[in-house]
Colleague: 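Shown below is the structure under consideration.
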There are 2 protein chains.
Amino acid sequence: MPKLGMEPIRKAALVKATIVEIGRAGSLDVTVSQIAKRAGMSSALAHHYFGSKEDMFLAAMRHILSLYGAEVRGALAAAGDAPEARLQAILRASFSPGNFRREAVGAWLNFYVLAQTVAEARRLLAIYQRRLRSNLMSDLRPLVGARAPGVAAALGALIDGVYLREALKNGPPDSAAAVAVVMDFLTTELGKQS
Amino acid sequence: MPKLGMEPIRKAALVKATIVEIGRAGSLDVTVSQIAKRAGMSSALAHHYFGSKEDMFLAAMRHILSLYGAEVRGALAAAGDAPEARLQAILRASFSPGNFRREAVGAWLNFYVLAQTVAEARRLLAIYQRRLRSNLMSDLRPLVGARAPGVAAALGALIDGVYLREALKNGPPDSAAAVAVVMDFLTTELGKQS
DNA sequence: CTTTTTGTTGATTGACGAGTCAATAAACTT
DNA sequence: AAGTTTATTGACTCGTCAATCAACAAAAAG
């Protein structure tokens with residue numbers, strides 16, 4: 001049976017399954033067997049490709065983060081040069097259906113928890129936060145000048161907060177409503193005089 | 001040895017120890033033995049007073065939530081009738097040293113995770129959110145009128161987001177900075193014309 | 001002073017789960 | 001054809017932990 005070149009396929013399947021299972025369970029309390037089963041293989045094979053459960057978690061995290069990064073990059077490329085449009089693009093990408101799926105949001109929250117104990121997870125999350133901040137800052141500066149740092153901090157926290165609340169809500173995530181809340185904040189900040 | 005009337009003392013010690021241990025561990029992955037040890041008793045006794053580990057978690061959550069509620073109520077009573085002052089009081093209470101301690105913030109995050117799986121935890125968190133929202137709304141309405149619902153939603157999410165980010169940061173929580181971020185948002189919203 | 005209630009623990013049970021290993025087999029190499 | 005690498009799994013080990021239990025102690029009730 002063994003076909004060659006399975007490694008990337010298996011790994012991808014495991015990463016996907018990890019996210020789904022964490023999302024379903026709503027916690028990191030998922031067994032390797034559950035994940036492996038969902039990915040259609042034995043738990044031994046999962047251990048063969050990833051050395052440990054933690055490695056699976058980290059791979060899943062990297063996947064979500066890189067997916068998010070790609071989405072933002074894409075949206076930013078499509079947006080023009082106008083800072084307002086670029087900011088809007090970042091926000092829309094942040095809540096785009098790709099990242100704002102049920103499981104992804106659930107997984108996201110749990111990655112924050114993972115980051116409390118696992119240094120590598122903390123590092124990954126820090127990268128995400130830095131990148132977001134830098135993106136926001138560069139388009140915020142021409143619009144609000146010296147107030148950019150504060151506004152960027154608030155925007156970052158707001159996005160995370162909206163995610164957090166979405167994770168709790170029952171019912172499907174409402175991307176449009178989420179964007180609306182954050183956009184509203186943004187337009188208010190931009191409209192401020194002084 | 002057995003002195004009578006131990007129950008409330010033991011329970012209180014366990015609740016406190018639960019919060020500390022969750023905060024230290026940065027996850028719900030704490031054993032009953034750890035908690036019991038920190039509270040100065042055997043794990044068997046912990047099971048004697050609370051039926052299960054889940055009950056301990058819920059009691060800890062209730063404790064944190066009621067602490068928060070009391071703090072807000074107190075601050076609100078001390079504030080006068082001016083809506084601006086009352087809003088400020090709510091925010092300051094939200095980040096007061098009582099709630100904004102290292103362990104408490106860590107525990108808070110994990111209670112969000114707990115709420116994903118345990119219905120009672122979800123209920124408790126929902127109560128907190130509703131109460132916060134209602135408090136904000138009643139003082140927001142005179143100030144921003146029809147925009148109150150949106151602003152309240154954003155404020156709620158922002159507070160949670162700031163908590164979330166604080167949980168990750170290393171170093172001690174910075175209450176003043178946290179309040180500043182949220183207050184800044186608030187003053188901008190209040191200053192908005194239209 | 002005996003019985004009940006309350007407090008307390010060490011030891012045990014029973015389940016579950018991460019990670020290992022030996023074995024099997026297909027495909028590639030020489 | 002013989003040997004090596006890659007894929008794959010069932011069975012097993014070993015540890016951990018929630019929950020239970022039997023037993024003991026002290027106070028309160030009768």
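Here is how names work: the chains are called A, B, and so on, in the same order as the sequence lines, proteins then strands, and each is numbered from 1. Predicted model only: the values in this text are computed from it and were never measured. Just the heavy atoms: all of them, side chains too, but no hydrogens, waters or symmetry mates, feed the values below.
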Colleague: Compare the minimum distances between each of D/dA19, C/dG7, D/dT9 and the side chain of A/M41, then state the nucleotide with the smallest one.
Modeller: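 Nearest to the side-chain atoms of A/M41, counting from C-beta on, is D/dT9.
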Colleague: Among D/dT9, D/dA18, C/dA18, find the nucleotide with the atom closest to the side chain of B/V32.
Modeller: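 Closest nucleotide to the B/V32 side chain: D/dA18.
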Colleague: Rounded to whole angstrom units, what separation is found between the NE2 atom of A/H47 and the P atom of D/dG10?
Modeller: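 So the NE2-P distance, A/H47 to D/dG10, works out to 15 Å.
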Colleague: In whole angstrom, give the distance that lies between atom CD1 of A/I35 and atom P of C/dG19.
Modeller: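 Distance check: A/I35 CD1 to C/dG19 P gives 11 Å.
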Colleague: Determine, stepwise, if the pair B/R62 / B/E120 fulfils salt bridge (charged side-chain N to carboxylate O under 4.0 Å, His left out).
Modeller: CA-CA 10 Å; B/R62 273 190 211 97; B/E120 175 67 5; 3.2 Å; yes
Colleague: Decide if atom CZ of A/R24 counts as having more than 12 heavy atoms of other residues, nucleotides or ligands within a radius under 6.0 Å.
Modeller: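 Check fails, neighbour count at 12 or below.
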Colleague: Please list, by residue number, the residues of residues 8-31 of chain B whose heavy atoms come closer than 4.0 Å to an atom of DNA chain C; answer none if no residue qualifies.
Modeller: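 Heavy-atom contacts with DNA chain C come from B/R10.
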Colleague: Using a cut-off of strictly less than 4.0 Å, decide whether B/Y49 has a side-chain nitrogen or oxygen near OP1 or OP2 of C/dT6.
Modeller: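 Answer no for this pair, as no side-chain N or O of B/Y49 is under 4.0 Å from OP1 or OP2.
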Colleague: Have a look at A/G5 and say if it touches a base, only the backbone sugar-phosphate, or nothing, with a 4.0 Å heavy-atom cut-off.
Modeller: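 Sugar-phosphate contact only.
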Colleague: Tell me which of A/H48 and A/S43 sits closer to the 5' end of DNA chain D, going by the nucleotide each one is nearest to.
Modeller: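 First, find each residue's nearest nucleotide; the 5'-ward one identifies A/H48.
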Colleague: Expressed as a whole number of angstroms, how long is the span from B/M56:CE to D/dC17:C1'?
Modeller: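 Between C1' of D/dC17 and CE of B/M56: 12 Å.
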Colleague: Tell me if the aromatic rings of A/W108 and A/Y128 count as close, with their centers under 6.0 Å from one another.
Modeller: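 Between A/Y128 and A/W108, which both carry aromatic rings, the centre distance is below 6.0 Å.
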Colleague: So if I take every side-chain heavy atom of B/L4 and compare against D/dA19, C/dT9, C/dG7, which nucleotide ends up nearest?
Modeller: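 It is C/dG7.
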Colleague: Rounded to whole Å, how long is the line connecting atom CG of A/D55 with atom C1' of C/dG19?
Modeller: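 Going from A/D55 (CG) to C/dG19 (C1'), I get 12 Å.
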Colleague: So, do A/F111 and A/F57 have ring centers that fall under 6.0 Å from each other?
Modeller: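 Centroid distance A/F111-A/F57: not below 6.0 Å, so no.
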Colleague: Over how many whole Å does the gap from A/F57 atom CZ to C/dA18 atom C1' extend?
Modeller: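 After rounding, the reported distance stands at 11 Å.
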Colleague: From the options D/dA19, C/dT9, C/dT20, select the nucleotide whose nearest atom is closest to the side chain of B/K53.
Modeller: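 When the side chain of B/K53 is considered, D/dA19 is the closest of D/dA19, C/dT9, C/dT20.
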Colleague: Please evaluate residues A/Q88 and A/R92 with respect to the criterion side-chain hydrogen bond (donor to acceptor under 3.5 Å, both in side chains), reporting the C-alpha separation (whole Å), side-chain torsions for both, the decisive distance (0.1 Å), and the verdict.
Modeller: CA-CA 6 Å; A/Q88 206 175 114; A/R92 255 205 283 271; 2.7 Å; yes
Colleague: Answer with base, sugar-phosphate or nothing: what part of the nucleic acid does B/F50 contact at a heavy-atom distance below 4.0 Å?
Modeller: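 The answer is nothing, as B/F50 stays clear of every strand by at least 4.0 Å.
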Colleague: Rounded to the nearest Å, what distance is computed from the CE atom of residue A/M6 to the C1' atom of nucleotide D/dT6?
Modeller: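 So the CE-C1' distance, A/M6 to D/dT6, works out to 11 Å.
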Colleague: Rounded off to whole Å, could you give me the CD-to-C1' distance for the A/E7 and D/dT8 pair?
Modeller: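 Interatomic distance, CD of A/E7 to C1' of D/dT8: 14 Å.
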Colleague: Establish, from distance only, whether the side-chain atoms of B/Y163 and B/S94 form a donor-acceptor pair under 3.5 Å.
Modeller: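 There is no such pair (donor and acceptor under 3.5 Å, judged by atom type) between the side chains of B/Y163 and B/S94.
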Colleague: The side chain of A/S42 is closest to which nucleotide in this list: C/dA18, D/dG10, D/dC21?
Modeller: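 Closest nucleotide among those given: D/dG10.
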Colleague: Looking only at the aromatic ring of each residue, does the gap between the centers of B/Y112 and A/Y112 stay below 6.0 angstrom?
Modeller: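 Between A/Y112 and B/Y112, the centre distance exceeds or equals 6.0 Å.
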